[in-house]
Amino acid sequence: MIAQKDAASVLVVSSGRKAGQLFAEILPQGRFQPPLSVPSAGEARRLLVDRSFDIIAVNTPLPDEFGVQFALEAAQNRSCGVLLFVKAEMQDAVSLKVEDAGILTLPKPVNRQMVFQSVKLLLAAQQKIRALEEQTYTLQMKMEEIRLVNRAKLLLMEHLRMSEAEAHRYIEKRAMDACVKRREIAANIIKTYEN
């Protein structure tokens, strides 16, 4: 699904250049933008103020901090997938700290195929999360419209002595006649009778 949309963006946070080169080599062009690399968590934080990424890869340790705290912040405050590289002997302990935040932890030294598969997995998860967020937003908007319409119906029933069915028909007909959504008609009714 990502191939049909914009190319996925990747931020690599690593004190060395090898991690950035690895991502540049394994990620297919067209599906991914060229990865952007920064050498520290501080620089990554500054960059994330103005920009967002689909994937953030953190190669620990970083020069200004280990990298776990930055990874947790990135996972909690952004809708991106986070990949954390740690020494193999530390993987289990670090993974326990970060897995509840949805961060994938990979042991170093890394297998190129495992890195690529992990990136694909994170992208698939991000797509699913975005789809669920859109559904949630749509449902919230529908619920808000229902609340507005119900409030408007109550006002019509109270002020114009309409039955609930009459108030409902009134709102529906006015919305159809004006070619607008019911929420606009309801908002106008509320504005009229609640002042």
TODO: Start with the C-alpha distance between Tyr170 and Glu166, add both sets of side-chain angles, then the distance that settles side-chain contact (heavy atoms from CB on, under 4.5 Å), and finish with yes or no.
DONE: CA-CA 6 Å; Tyr170 177 82; Glu166 290 170 334; over 6 Å; no

- [ ] List the steps and the verdict of side-chain contact (heavy atoms from CB on, under 4.5 Å) for Gln69 and Lys97.
- [x] CA-CA 10 Å; Gln69 186 59 40; Lys97 289 181 184 177; over 6 Å; no

TODO: Please lay out, stage by stage, how Val115 and Phe85 fare under the test side-chain contact (heavy atoms from CB on, under 4.5 Å).
DONE: CA-CA 10 Å; Val115 173; Phe85 297 97; 3.8 Å; yes

TODO: Check the pair Asn59 / Val12 against side-chain contact (heavy atoms from CB on, under 4.5 Å), numbers first and verdict last.
DONE: CA-CA 8 Å; Asn59 184 22; Val12 179; 5.7 Å; no

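A distance of 6.0 Å separates CG of Leu83 from CG of Leu122, quoted to the nearest 0.5 Å. The line from NE2 of His168 to CG of Asn150 is 9.5 Å long, rounded to the nearest 0.5 Å. Between the CZ atom of Arg151 and the CG atom of Leu154 there is a distance of 10.0 Å, given to the nearest 0.5 Å. One distance of note links CZ of Arg183 with CD of Glu144; it measures 5.5 Å at 0.5 Å rounding. Taking CZ from Arg161 and CG from Leu156, the interatomic distance works out to 12.0 Å, rounded to the nearest 0.5 Å. For the atom pair Lys120 NZ and Ile55 CD1, the distance stands at 12.5 Å (nearest 0.5 Å).
Looking at residues two or more places apart in sequence or on another chain, you find a ring-ring contact (aromatic ring centres under 6.0 Å, His included) between Tyr193 and His159. Residues meeting the side-chain contact (heavy atoms from CB on, under 4.5 Å) test with Met90, sequence neighbours left out: Phe66, Lys87, Val94.
In this structure the side chain of Leu36 reaches within 4.5 angstrom of the side chain of Leu47, judged on heavy atoms. Between Lys142 and Glu145, the closest side-chain pair of non-hydrogen atoms is not below 4.5 Å. Between Leu121 and Gln117 the shortest side-chain heavy-atom distance does not fall below 4.5 Å. A heavy-atom distance below 4.5 Å is not found between the side chains of Gln126 and Asp54.
Closest of all the heavy-atom pairs between Val10 and Phe53 is C-CD2, 3.7 Å. Pairing each heavy atom of Leu11 with each of Ala44, the nearest pair is CD2-CB, 4.2 Å. Contact between Ala74 and Cys80 at its shortest, heavy atoms only, is O-SG, 3.9 Å. Closest approach of Ile190 to Leu155, counting heavy atoms only: CA-CD1, 3.7 Å. Of all the heavy atoms in Phe116 and Pro28, the pair that sits closest is CE1-CD, 3.5 Å. Of all heavy-atom pairs spanning Ile103 and Ala71, the tightest one is CD1-O, 3.4 Å.
Pairs engaging residues 34-53 under the salt bridge (charged side-chain N to carboxylate O under 4.0 Å, His left out) rule: Arg45-Glu65, Arg45-Glu73 [sequence neighbours left out].
Taking hydrophobic clusters as Ile, Leu, Val, Met, Phe, Trp and Tyr residues chained together by side-chain heavy-atom distances below 4.5 Å, Met157 does not share a cluster with Val149. Residues Leu106 and Val82 are members of separate hydrophobic clusters, defined by side-chain heavy-atom contacts under 4.5 angstrom among Ile, Leu, Val, Met, Phe, Trp and Tyr. In this structure, Val98 is not a member of the same hydrophobic cluster as Leu104, with clusters built from ILVMFWY side-chain heavy atoms closer than 4.5 Å. There is a path of hydrophobic side-chain contacts, each under 4.5 Å, that joins Phe32 to Leu22. Leu84 and Leu62 fall within the same hydrophobic cluster, defined by Ile, Leu, Val, Met, Phe, Trp and Tyr side-chain heavy atoms under 4.5 Å apart, directly or through other members.
The residues Glu172 and Arg169 are annotated as not salt-bridged, no charged nitrogen and carboxylate oxygen being separated by less than 4.0 angstrom.
Asp64 places a side-chain N or O within 3.5 Å of a backbone atom of Gly42 that can act as its donor or acceptor partner. A donor-acceptor contact shorter than 3.5 Å is absent between the side chain of Glu184 and the backbone of Ala175.
For Lys108, the NZ atom is densely surrounded, since the number of other residues' heavy atoms within 6.0 Å is greater than 12. Shown here is Gln29, whose CD atom has no more than 12 heavy atoms of other residues, nucleotides or ligands within 6.0 Å. Within 6.0 Å of the CZ atom in Arg112, the count of heavy atoms belonging to other residues, nucleotides or ligands exceeds 12.
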